[in-house]
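Let me begin by presenting the structure, written as structure tokens, before commenting on it.
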2 protein chains.
Amino acid sequence: MTLTGMLSFVEENYLKAIYHLSNSGEESVTTNALAEEMQTTPASVSDMIRKLSKKEVVNYKKYQGVNVSEEGKLIALRVIRKHRLWEVFLVEKLEFNWDEVHDVAEQLEHIKSPLLIQRLDEFLGFPQYDPHGDPIPDENGQFTESKREPLSQTQIGITGVVVAVEDSGTAFLKYLDKVGISIGTKITVEDIIEFDGSMDITIDQKKSITVSQTVADNIWLA
Amino acid sequence: MTLTGMLSFVEENYLKAIYHLSNSGEESVTTNALAEEMQTTPASVSDMIRKLSKKEVVNYKKYQGVNVSEEGKLIALRVIRKHRLWEVFLVEKLEFNWDEVHDVAEQLEHIKSPLLIQRLDEFLGFPQYDPHGDPIPDENGQFTESKREPLSQTQIGITGVVVAVEDSGTAFLKYLDKVGISIGTKITVEDIIEFDGSMDITIDQKKSITVSQTVADNIWLA
DNA sequence: GATAGTGTTTAGATATATCTAAAAAAAATA
DNA sequence: TATTTTTTTTAGATATATCTAAACACTATC
């Protein structure tokens, strides 16, 4: 009953991971990196890549790494579109916290119904960003890539607005809630500790805290 | 990663089919009937039943048919609950027609997130019936089974209100739209043709039409 | 440029869900 | 009751997605 070109859940997840790791489809992704990302073994990754390559959704030469083909990129972006639209739905309509949406959206993103996504988009008022600040691509995979940089690459004295944060882990988002950082928060870099890359920052011109480099890597400013 | 007792999509679908075919878990379901319902072979059904039996969600003795256990009934009813809540969402919020919701709900019913269903229920205002008039069980599988009978078993002269219709097929629901029958429609039985069981009925005391026995079997009145 | 080490792929195995074909059990019929 | 027919189950195969262990290919070093 599987339609031609129809990918399984697992295949869609691999494609999404390849897209993400390759920095939006440009760089080549190694087998080990993918295995780490997918929480599986390099052997399984090799098998799956061969399969995706046969379906022509990835470009692949043995031992040379892999990245998404044009067709694969569009498929990945459509899955990402669905993921982010569902996240908006969960937060805006069902009052989920931003740290509760990821796992549910990981399931909902695989529902196959173009009409559903079209109507959901409409119902939500055609949102441009998800609750973590990531842009929502349109049906054709187009989105406006706003220029933004990680907090960790900002200089002392610079003030920026948080436009996005990494959305994968609950723990990180709970931490941001605790210290009072969300999309739109104004952050000023007061000092950078060279030893470990941690930063002293001021939040909304009021509260001062120190954040680790790991944290600073996962907050984007504009 | 599969949690203990966690059923796959396919297993959930079998359980649901067994529950439906057994008249809400009372009668015994034959292998052939299940194969027909699941659009597969008796051999596949046998295999799956053995598996479900090992997981103790169905009661099964070889050659004696199968039905859901207490635990299996609750699982089936929770899947049905999800299916019907999603149908309400699609019709009420995303403006789907009642003949467009079934296939999408078949996918959405397998999403695993108790919080999602709790919030969805709340968001929809705790609906008691789905768009086809079927009752929505609560978290514990409880629902008020209203007394209703198929139009085909009604007598001449009787007037009833449509409280439910069979929801599985698009063609049937499109037909009901065409002739002007929906939930709440008043139907009066004018005549019953003994030869083929077809019926002359009046719709909302205005329009008169003739419906086949098959159609009459799939409309419930109260 | 040979070699040690790391990264990657293949070979072979397991579990799920399905199938066809054959065997076994139950039901229907003579 | 014996036999035929139908239903159901088992046996053996296929496809997906995974694994471990072994082989292979690149890279870095001496």
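These numbers come from a predicted model, not from an experiment. Reminder, nothing fancy here: chain letters follow the sequence lines and each chain counts from 1.
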- Between A/Asp177 and A/Lys174, is the closest basic N to carboxylate O distance under 4.0 Å? no

- Task: Could you state the atom-to-atom distance from CD of A/Gln39 to P of D/dT18 in whole Å?
- Result: 13 Å

Output a table of nitrogen or oxygen pairs between the protein and nucleotides 10-12 of chain D separated by less than 3.5 Å.
{"from": "D/dT10", "atom 1": "OP1", "to": "B/Lys62", "atom 2": "NZ", "distance (Å)": "2.5"}

- Item | Note: B/Glu12-B/Arg78 ion pair, threshold 4.0 Å (strictly below) | no

- Query: Rounded to the Å, how far apart are B/Leu52 CG and C/dT16 P?
  - Reply: 12 Å

- Residue from B/Asp134, B/Asp130, B/Asp121 passing salt bridge (charged side-chain N to carboxylate O under 4.0 Å, His left out) with B/Arg81: B/Asp121

- Note on the structure: Taken to the nearest whole Å, CG/B/Leu7 to P/C/dT16 is 12 Å

- Whole Å only: how far is the NZ atom of A/Lys55 from the P atom of D/dA15? 13 Å

- Task: Nearest whole angstrom, please: distance from the P of D/dA15 to the CD of A/Glu11.
- Result: 15 Å

- Identify whether any heavy atom of B/Thr31 sits under 4.0 Å from a base atom; if not, whether one sits that close to sugar-phosphate; answer base, sugar-phosphate or nothing. sugar-phosphate

- For atom NZ of B/Lys61 and atom P of C/dA26, their distance in whole Å: 12 Å

- Specify the residue among A/Tyr63 and A/Thr41 whose closest nucleotide of DNA chain D lies further upstream toward the 5′ end. A/Thr41

- Message: Does this structure show an ion pair linking B/Asp103 with A/Lys112, if we count only N-O contacts that are shorter than 4.0 Å?
- Response: no

- Query: Rounded to the nearest Å, what distance is computed from the CG atom of residue A/Leu34 to the C1' atom of nucleotide C/dT8?
  - Reply: 13 Å

- Message: Any base atoms under 4.0 Å from B/Gln64, or only sugar-phosphate, or nothing? Heavy atoms, all strands.
- Response: nothing

- Which residues share a side-chain hydrogen bond (donor to acceptor under 3.5 Å, both in side chains) with A/Ser22, sequence neighbours left out: none

- Query: Between CG of B/Leu21 and OG of B/Ser28, what distance do you get to the nearest 0.5 Å?
  - Reply: 11.0 Å

- Message: Under 4.0 Å from OP1 or OP2 of C/dT8: is there any side-chain N or O of A/Asn32 that close?
- Response: yes

- Tell me what B/Phe9 touches on the nucleic acid: a base, only sugar-phosphate, or nothing, going by heavy atoms under 4.0 Å. nothing

- Message: Just to verify, which of B/Glu87, B/His102, B/Arg84 counts as forming a side chain to side chain donor-acceptor pair (under 3.5 Å) with B/His132?
- Response: B/Glu87

- Task: May I ask you to verify if any side-chain N or O of A/Ser8 is less than 4.0 angstrom from the OP1 or OP2 atom of D/dT16?
- Result: no

